[in-house]
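Reckoned from all heavy atoms, side chains included, excluding hydrogens, waters and symmetry mates.
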Amino acid sequence: MSAQREGTFCVHTTGSRPKLVVSADGRGVISHAGSRLLADLAEVTGLTGAFSDALRRLRPRGTGHDPGRVAVDLAVMLAGGGEAIADLALLRDQAEVFGPVASTPTAWRLLAGIDPDALARLRAAKAAAREVAWLQVSETQGGIPAPRAGGRDLPGLVLDLDATLVTCHSEKEQAAATYKRGFGYHPLLCFLDNTGEALAGLLRPGNAGANTAADHITVLDQALAQIPDAHRHGTPILVRADSAGGAKAFLFHIRTLRNRGIQASFSVGYAVTEPVRRAIRALPDEVWHPALEQDGTLREGAEVAELTGMVDLAGFPDGTRIIVRRERPHPGAQLSLFDLDEGMRHQVFLTDTPYGEGSVQQLEVRHRAHARVEDRIRCGKTTGFGRFPSRHFAINQAWLELALTAIDLLAWTQTLLLEGELAAAEPKKLRYRLLHAAARLTRGGRRLRLRIAATWPWRHELLNAFARLMALPRPAT
């Protein structure tokens, strides 16, 4: 590579690749053109306007950037794979496509100004936008998609709660040592299995208890507040969690939701205690039934059985059932001494689903589908909450809320605007194929035209998404 003139370089031919002259003087060139989908969807669902109303008090004397718009820009940046507030520069540099975008110091001031009251208003604003998005899904898709397990659609809504560890590489307020001998935060999150939306998240110190009932109640209540009234009341809602969600106080809270007209039930993990081990050993072979795969076929080497009546469940809600699955362990599986003695891996869960509403195999494969939340958390860590920007806990909690908003924008995009493979793709694939697509800006006939490359492999999918966006029904004003 040799310099031709200042800022221009010649890249010599390597192998079969052509010779290039590289310079930084392009005009009308746009990267991340597909991210405009997210920004426009925030407008169409009313998210931008709702955020503006929620954060109006943070705009000094009505001047400067609209705080709600800044919050949406941050969410769009995170959805596109940005990792730091400074990454807003990518949107700011393309003002012809994304409009005026706040500077990094302005974005910092916004996050610093989001106190608990503002955070509550932000969540309420997101719930209002979610209601609009769900109405648009109902009008264009016929309703919120049903989650599947065991080859069948599950009725109603399924909420998955799980916690994760986020490593902090510098001193941050309330960051602490974790049970895995790391250092950082231990957020608790709730995702909607139907669509992949991130309904709620609670940032916690790294040493927060995994099975803290109060935290699970807080996150569940925040998640339920995000569900539109028409779905929160009258629609079956299944709450799933691993054994950390098996605290009696949490399960009783789920049961008492029925007094508020919420048809809630639970399916949560349960520890393999000594009474459970004795009950498993006492089970005759004829009560074990073949387990199912997620597509409904038989799962080789796995069986399920009911332990209800064989284990003392005093103190749990009436009607609680206990079910066990045993399976030949896969290489590398972490086994207890009991598993090693039996030669099988055992997993147990509790549910209050009544008899007659699904076979024991269906209930078990339904519970096992809770594992999908681990993929959602993994993707969420690449969409904002895998790292936190500030030393201050309140700023990081606001950052988490905007990361959840970014996940929602991606989920709404897939549900409303995409189809086929991309409608179920992980964020990494969406970014590579759609959001990060390059384009060229041209003007003519009093129009600003965004020209996607005619050879881009996914140009038709991107064009169709923009067309569906334009056709979405708008809320009445």
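The main-chain N or O of F191 is never found under 3.5 Å from a side-chain atom of D160 such that the two would form a donor-acceptor pair. Of the possible donor and acceptor atoms, one in the side chain of R258 sits under 3.5 Å from a partner among the backbone N and O of A264. Put simply, the side chain of D53 never gets that close to the backbone of A50: no donor and acceptor are under 3.5 Å apart. Checking side-chain atoms of R326 against main-chain N and O of A305 turns up no donor-acceptor pair under 3.5 Å. Side chain of D408 to backbone of E197: no donor-acceptor contact under 3.5 angstrom is found. The backbone N or O of R387 lies less than 3.5 Å from a partner atom in the side chain of W399, making a donor-acceptor pair. In terms of modelled atom types and a separation under 3.5 Å, the side chain of R345 and the main chain of E327 share no donor-acceptor contact. With hydrogens and angles ignored, the 3.5 Å screen pairs a side-chain donor or acceptor of R36 with a backbone N or O of V97. For the pair Q226 (side chain) and L199 (backbone), a donor-acceptor distance under 3.5 Å is absent. Judged by distance alone, the side chain of T382 and the main-chain N or O of C379 form a donor-acceptor pair under 3.5 Å.
Using a 4.0 Å cut-off between a side-chain N of Lys or Arg and a carboxylate O of Asp or Glu, R391 and E173 do not qualify as a salt bridge. Under 4.0 Å is where a charged nitrogen must lie from a carboxylate oxygen, and between R378 and E374 no such pair does. A salt bridge links D193 and R240; the closest N-O separation between the charged side-chain nitrogens and carboxylate oxygens is under 4.0 Å. Under 4.0 Å is where a charged nitrogen must lie from a carboxylate oxygen, and between D375 and R372 no such pair does. R433 and E421 are joined by a salt bridge, as a carboxylate oxygen and a charged side-chain nitrogen come within less than 4.0 angstrom of each other. Of the charged side-chain nitrogens involved, none lies within less than 4.0 Å of a carboxylate oxygen, so that D117 and R121 do not count as a salt-bridged pair.
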Side-chain atoms of residues 241-251: list all donor-acceptor pairs with protein atoms under 3.5 Å, sequence neighbours left out, distances to 0.1 Å.
| residue | atom | partner | partner atom | Å |
| --- | --- | --- | --- | --- |
| D242 | OD1 | A244 | N | 3.0 |
| K248 | NZ | A314 | O | 3.4 |

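Counting only heavy atoms from C-beta outward, the side chains of L410 and I407 never approach each other to under 4.5 Å. A 4.5 Å side-chain heavy-atom check between V276 and V324 finds every atom pair outside the cut-off. The shortest side-chain heavy-atom distance between C190 and Q222 does not fall under the 4.5 Å cut-off. Side-chain contact check for L418 versus L434: some heavy-atom pair is nearer than 4.5 Å. No side-chain heavy atom of L416 sits less than 4.5 Å from a side-chain heavy atom of V44. Side-chain contact between I377 and F385: present, with at least one pair of heavy atoms (C-beta onward) separated by less than 4.5 Å. Here the side chains of S267 and L238 are in contact, with some heavy-atom distance below 4.5 Å. Contact annotation: the side chain of Y355 approaches that of T308 to within less than 4.5 Å [non-hydrogen atoms, C-beta and beyond].
Taking F393 as the reference, Y185 meet the ring pair (Phe, Tyr, Trp, His ring centres under 6.0 Å) condition, with sequence neighbours excluded. Scored by the ring pair (Phe, Tyr, Trp, His ring centres under 6.0 Å) test, F349 finds H367 as partners (sequence neighbours excluded). For the ring pair (Phe, Tyr, Trp, His ring centres under 6.0 Å) test, residues two or more places apart in sequence or in another chain that qualify with H231 are W134. In terms of the salt bridge (Lys or Arg N to Asp or Glu O under 4.0 Å) criterion, D221 has no residue partners (sequence neighbours excluded).
Shortest non-hydrogen contact noted between A163 and R204 is CB-NH2, 3.8 Å. I114 approaches L122 most closely through the heavy-atom pair CD1-CD2, 4.4 Å. Smallest separation of non-hydrogen atoms from M77 and E83: SD-N, 4.2 Å. Closest approach of A54 to A125, counting heavy atoms only: CB-CB, 4.1 Å. Residues L78 and G384 come closest through the heavy atom pair CD2-CA, 3.8 Å. For the pair V365 and E293, the tightest heavy-atom approach, listed with the atom from each and the gap, is CG2-O, 3.7 Å.
Just one residue in the list V272, V348, V311 forms a side chain to side chain contact (heavy atoms under 4.5 Å, CB included) with R277, and that residue is V272. Tested against L257, the residues L220, V239, I237 include a single side chain to side chain contact (heavy atoms under 4.5 Å, CB included) partner, L220. A side chain to side chain donor-acceptor pair (under 3.5 Å) with T351 is found for one member of R321, E357, R366 and no other, namely R366.
Annotation: the span from H216 atom NE2 to L202 atom CG amounts to 10.5 Å, rounded to 0.5 Å. Rounded to the nearest 0.5 angstrom, S103 OG and W108 CH2 are separated by 12.5 Å. Atom-to-atom distance recorded for T405:OG1 and W412:CH2 is 7.5 Å, nearest 0.5 angstrom. Taking OG1 of T45 as the start and CG of L472 as the end, the distance is 9.5 Å to the nearest 0.5 Å. Considering OG1 of T353 and CZ of F266, their distance stands at 8.5 Å, rounded to 0.5 Å. Taking CD of Q397 as the start and CG of L111 as the end, the distance is 12.0 Å to the nearest 0.5 Å.
Residue-environment remark: CZ (R152) stays at or below the threshold of 12 foreign heavy atoms within 6.0 Å. Enclosure of atom CD in E274 by more than 12 non-hydrogen atoms of other residues, nucleotides or ligands within 6.0 angstrom is indicated. Heavy atoms from other residues, nucleotides or ligands lying under 6.0 Å from CZ of R474 number more than 12. Within 6.0 Å of atom NZ in K180, 12 or fewer heavy atoms from other residues, nucleotides or ligands are found, so the atom counts as exposed in its surroundings. Heavy-atom contacts from other residues, nucleotides or ligands closer than 6.0 Å to CG of D318 number 12 or fewer.
Within the structure, side-chain hydrogen bond (donor to acceptor under 3.5 Å, both in side chains) contacts touching residues 137-147 (residues at least two apart or in different chains) do not occur.
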Note to self: R299 vs L292, test: side-chain contact (heavy atoms from CB on, under 4.5 Å). Steps then yes/no.
What the structure shows: CA-CA 5 Å; R299 185 177 178 88; L292 301 176; 5.8 Å; no

Next item on the list: May I have the step-by-step check of side-chain contact (heavy atoms from CB on, under 4.5 Å) for I144 and T415, ending in yes or no?
Entry: CA-CA 9 Å; I144 297 296; T415 304; 5.7 Å; no

Next item on the list: Would you check, one step at a time, whether the test side-chain contact (heavy atoms from CB on, under 4.5 Å) holds for T235 with I227?
Entry: CA-CA 11 Å; T235 302; I227 298 174; over 6 Å; no

Checklist line | N396/Q174 under side-chain contact (heavy atoms from CB on, under 4.5 Å): CA gap, chis, key distance, verdict | finding: CA-CA 10 Å; N396 290 334; Q174 295 195 36; over 6 Å; no

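Between T320 and R255, the side chains place no donor N or O within less than 3.5 Å of an acceptor N or O (distance only, hydrogens not considered).
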